[in-house]
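Counting convention: from 1, in listed order, for ligands and their atoms alike.
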Amino acid sequence: MERVEREIAGTKLVLVRGDITKQEVEAIVNAANPDLTPGGGVSGAIHRAGGPVVTEAAAKIRKERGRLPTGEAVLTPGGNLPAQYVIHTVGPVWHGGNRGEAELLAKAYRSCLSLAVQHGIKTVAFPSISTGAYGYPVPEAARVALRAVRDFLRENPGKLKEVRFVLFSPADFAEYRQALEELERV
Ligand code: ADP
């Protein structure tokens with residue numbers, strides 16, 4: 001079955017294959033661009049499903065704060081999504097691995113989880129940030145993502161009820177499952 005479930009410091013960690021726009025969680029994470037415009041990929045899908053409430057709230061933040069730096073996160077309402085909120089974060093563009101990509105990717109995951117905790121959000125779903133248009137190789141991204149989430153949960157025990165990774169393709173799901181199993185062995 002395309003679902004894996006673990007427990008980490010009082011939080012459920014779940015890997016599933018699916019579409020993030022359909023998830024019934026309090027907040028879904030968007031792999032946004034720095035201008036917070038809809039664009040393509042998962043961001044286009046989230047803006048489409050969420051509707052103008054999401055796109056207009058994102059545009060307002062862009063106008064007030066300027067471009068969102070890589071690794072940071074902001075919150076908008078979820079509009080027509082089943083999720084109440086969207087957390088928009090900007091992952092790093094892959095340049096070969098020697099330009100701080102791993103640290104920036106980990107920071108993006110941490111920023112989203114911190115923002116969720118600050119807003120009392122208990123259930124969060126992530127897509128595979130940076131592994132589409134931004135070109136981050138999935139096996140490396142999966143390892144960084146899962147480690148960042150695990151470390152955050154250990155440092156913030158019981159603050160979140162569930163963190164879910166929603167992987168769009170069977171291949172991505174398999175990579176994340178393997179990365180989780182490897183992380184548990186070391
Ligand atoms: P980035 O620019 O951060 O690389 P992309 O949107 O191009 O972001 O891709 C990130 C990941 O999101 C890819 O693995 C892509 O397959 C996946 N994705 C695209 N649409 C969806 C969706 N509706 N739900 C979940 N994941 C999705």
Taking heavy atoms and a distance under 4.0 Å, where does Asp172 meet ligand 1: side chain, backbone, both or neither?
side chain

Measure from the ring center of Phe152 to the ring center of Tyr109 and say whether it is less than 6.0 Å.
no

Tell me, which protein residue and heavy-atom name are nearest atom 17 (C) of ligand 1, and how many Å apart are they?
Phe168 CB, 4.0 Å

For atom 13 (C) of ligand 1, grab the closest protein heavy atom and report residue, atom and distance to one decimal in Å.
Thr131 OG1, 3.9 Å

Cationic N near anionic O, under 4.0 Å, Arg110 to Glu103
yes

Would you say ligand 1 has an N or O under 3.5 Å from any N or O of Asp19?
yes

Looking only at protein heavy atoms, what sits closest to atom 7 (O) of ligand 1 is Ala133 N, 2.8 Å

Give the intermediate values and the outcome of side-chain contact (heavy atoms from CB on, under 4.5 Å) for residues Glu162 and Lys122.
CA-CA 7 Å; Glu162 181 180 331; Lys122 299 274 188 197; over 6 Å; no

Closest to atom 5 (P) of ligand 1 by heavy-atom distance, out of Gly40, Ala108, Gly132, Ala45, is Gly132

From the options Leu75, Ile46, Val53, select the one residue that forms a side chain to side chain contact (heavy atoms under 4.5 Å, CB included) with Val86.
Ile46

Protein heavy atom under 4.0 angstrom of atom 15 (C) of ligand 1, is there one?
no

Going by atom types only, do Thr76 and Tyr85 share a side-chain donor-acceptor pair under 3.5 Å?
no

Option with minimal heavy-atom separation from atom 1 (P) of ligand 1, where the choices are Ser130, Gly135, Ala32
Ser130

Could you tell me whether the side chains of Ser43 and Asn30 share a donor-acceptor contact shorter than 3.5 Å?
yes

Which residue and atom name correspond to the protein heavy atom nearest atom 24 (N) of ligand 1, and how close is it?
Ile20 N, 2.9 Å

Do Lys60 and Glu56 meet the salt-bridge criterion of a basic N to acidic O distance under 4.0 Å?
no

Tyr134 versus ligand 1: do any nitrogen or oxygen atoms come within less than 3.5 Å of each other?
yes

Min N/O separation Val42 to ligand 1 under 3.5 Å
yes

I'd like to know if Glu5 pairs up with Arg3 as an ion pair, taking the criterion as any Lys NZ or Arg NE/NH1/NH2 lying under 4.0 Å from an Asp or Glu carboxylate oxygen.
yes

What residue and atom, counting heavy atoms only, is the protein's closest point to atom 8 (O) of ligand 1, and at what distance?
Ala31 CB, 3.8 Å

4.0 Å heavy-atom contact, Ser128 with ligand 1
yes

Flag for Asp19-Thr21: side-chain donor and acceptor within less than 3.5 Å
yes

Mark up the atoms of ligand 1 that fall under 4.0 Å of a heavy atom belonging to Gly41, in ascending order.
6 (O)

